[in-house]
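Index from 1, following the sequence. Just follow the structure's listing: the first ligand is 1, and inside any ligand the first atom is 1.
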Amino acid sequence: MFNNRIRIKALLAQEPQGQEVTVMGWVRTFRNNQFIALNDGSTNNNLQVVVELGKFDEALLKRFTTSASLKVTGTVVASQGKGQTLELKATSIEVLGDSDAEAYPLQPKKHSLEFLREKAHLRFRTNTFGSVFRIRHALAFAIHQFFNEKGFVYMHTPVITASDAEGAGEMFRVTTLPFDNPPRNEDNSINFKEDFFGRSTNLTVSGQLEGELGATAFGDIYTFGPTFRAENSNTARHLAEFWMIEPEMAFCDLEDNMNLAEEFIQYLIRYAMEHNREDLEFLAQRLAEEEKALPQDKRSEMGLLEKLEFVVSNKFERLTYTEAIEILRESNHNKKKKFQYPITGWGMDLQSEHERYLVEKHFKKPVILTNYPKEIKAFYMRQNEDGKTVAAMDILAPGIGEIVGGSQREERQDRLEARMKEMHIPTEELWWYLDTRRFGTVPHAGFGLGFERMVQFVTGMTNIRDVIAFPRTPKSAEF
Ligand code: ATP
Ligand code: MN
């Protein structure tokens, strides 16, 4: 058997009692021809491997270069040195894979996040990305645990769809037609009947419509999968490929929906605080360092851990879109014309600068905005009695802006079809969706949480490209 190793995280939690163990990992540093800092990805804390002078060949020692992989067997003893309580006195060391230190792009020093994005294939081997991606994993696990505990069914909605759920027109087309000479109709338009699926298809922008089909049978479902948007927005919060969690609940109204979303977000944060303490402390430190370079008014008022603690122990602020517009209109920020997009009045779509003002300057906590004008929201949202607004809700988080978008759905068939006609959504194509309203329709609601934005919030990483392994953004799909 090759692998009877102990993970470094587990080893560091043991008492040093001269026990014999085997570890495997990658060299972070090797100093004084005596001390190897070995990391195996289970924690940012390296294991100090002590190489006794004269015990190993000079030629072997030369191969303990940065990022070489080693298999080390030895005895665990209390450490004399500072910085660690135990160390491994090596009895045998095997180099599993050499690493040319000259060519290895990551030096044992601080690299910028921008530089590391270009080395995304190796950046997991740094402390920052080690922490971020262990937390990302923990949050993904916690998502399934949360819904499983509540009796939700995990539903896999298709990645390739024929429907344009939002009517947003920002989709990636999926086709096998030759693009130099595609088959054409008589009017010269492309004949998608000849395409692979016999129709025009795209990558999904949301699993919601299919999710509603599940909810109206199982009661409660959730999806958790990749979504694709060809939006050409090069921001620190948008990816062309991102992961979304979309619960959909039958017998549920807007308030139930908000309650679930708030409980869900707090659960995820609490989970990370309990299970990823060490990594969060590391990232809190990192963020504090990074913010030292910023002018005072750009720094966060709270440290990362303080912020997370605050969000799990305080209720989110809930207000209507109409109230939000009033607050924004009356704000000094608006009166002094500091918004790039001025507050023109009721009916306008809120820009990210407005959302962030509400969250970061006015309320200083997460905010749930409800009852938006129907003109700026999707066709499936439930129409309120005022004839002007829909039962939508967006959750806005400090430092991020929109993190959740959701609504109570229009369950009344006549209202839904009328709204679809007004918005030029073809009812014939969505016949299967409309069937849920025809056969035992029920009040239902749901929301979408952007997974990467949630990971950003928990880790304090300011750019969304740093919380997904291999980011897909306009003009960039390396790796
Ligand atoms: P935004 O206004 O920020 O573009 P949206 O209104 O397009 O968001 P929804 O369609 O409601 O967002 O999607 C639900 C959630 O998915 C959002 O609240 C957000 O967390 C996430 N999300 C949306 N678009 C992206 C994207 N391009 N990259 C990463 N996450 C996204
Ligand atoms: Mn968007």
Side-chain angles (χ1 to χ4, degrees), residues 136 139 143 157 161 163-172 203-209 211 222-248 254 257-258 260-262 264-265 268 316 321 324 341 348-356 358-359 366-370 372-373 375-381 390-409 445-459 461-477:
R136 184 181 164 114
L139 291 174
I143 284 162
T157 51
T161 59
S163 72
D164 173 351
E166 314 271 337
E170 308 162 331
M171 320 214 344
F172 290 100
L203 293 179
T204 184
V205 294
S206 157
Q208 180 202 316
L209 300 189
Y222 70 106
T223 72
F224 182 9
T227 28
F228 307 85
R229 296 191 185 178
E231 48 198 350
N232 211 346
S233 39
N234 240 319
T235 76
R237 316 173 297 122
H238 286 95
L239 292 164
E241 175 179 314
F242 65 100
W243 287 65
M244 189 151 57
I245 301 102
E246 294 182 279
E248 191 69 35
L254 188 67
N257 199 21
M258 289 192 276
L260 183 83
E262 184 169 337
F264 178 44
I265 290 173
L268 296 182
F316 296 2
Y321 164 90
Y341 297 89
M348 69 179 286
D349 206 352
L350 296 181
Q351 300 294 325
S352 132
E353 57 171 344
H354 306 135
E355 299 176 343
R356 293 188 61 170
L358 287 170
V359 170
V367 167
I368 312 184
L369 286 189
T370 58
Y372 283 73
E375 276 72 28
I376 58 173
K377 288 291 181 187
F379 73 90
Y380 49 71
M381 297 194 180
V390 287
M393 64 108 175
D394 278 7
I395 302 186
L396 316 177
I400 308 285
E402 183 187 328
I403 191 162
V404 161
S407 68
Q408 184 171 340
R409 318 305 188 192
F447 62 85
L449 170 73
F451 186 48
E452 284 75 20
R453 292 197 191 168
M454 186 68 206
V455 180
Q456 271 190 283
F457 186 73
V458 173
T459 59
M461 299 301 284
T462 44
N463 196 313
I464 198 164
R465 293 166 180 77
D466 297 330
V467 298
I468 188 163
F470 302 108
R472 300 305 181 229
T473 53
K475 300 279 176 286
S476 161

With a cut-off of 4.0 Å, which atoms of ligand 1 are near a heavy atom of [X]?
X: Gly448; value: 14 (C), 15 (C)
X: Gly405; value: 11 (O), 18 (O)
X: Ile464; value: 29 (C)

Carboxylate-amine/guanidinium proximity below 4.0 Å for [X] and [Y]:
X: Arg237; Y: Glu452; value: no
X: Arg409; Y: Glu248; value: yes
X: Asp349; Y: Lys377; value: no

Notebook entry, point to check: Among Glu355, Gln208, Glu402, which residue places a heavy atom closest to atom 2 (O) of ligand 1?
Noted result: Glu402
Margin query: I want to confirm something. Looking only at heavy atoms, which of Arg453, Arg229, His238 is nearest to atom 19 (C) of ligand 1?
Written below: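 It is Arg453 whose heavy atom sits nearest to atom 19 (C) of ligand 1.
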Check: Are any of the heavy atoms in Met454 under 4.0 Å away from ligand 1?
Finding: no
Check: Does even one non-hydrogen atom of Glu452 get within less than 4.0 Å of ligand 1?
Finding: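 Checking ligand 1 against Glu452, which is what was asked, there is no heavy-atom contact under 4.0 Å.
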Notebook entry, point to check: Got an N/O contact under 3.5 Å between Leu449 and ligand 1?
Noted result: no
Margin query: Polar contacts were defined as any N/O atom of the residue lying under 3.5 Å from an N/O atom of the ligand; does this apply to Phe242 and ligand 1?
Written below: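 No; the residue has no nitrogen or oxygen that sits under 3.5 Å from a nitrogen or oxygen of the ligand.
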Would you find a donor on one side and an acceptor on the other, under 3.5 Å apart, between the side chain of [X] and the backbone of [Y]?
X: Gln456; Y: Val467; result: no
X: Gln408; Y: Leu254; result: yes
X: Glu262; Y: Phe316; result: yes

Margin query: Ring centroids only, cut at 6.0 angstrom: are Phe451 and Phe224 within range, meaning strictly under it?
Written below: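 Centroid distance Phe451-Phe224: below 6.0 Å, so yes.
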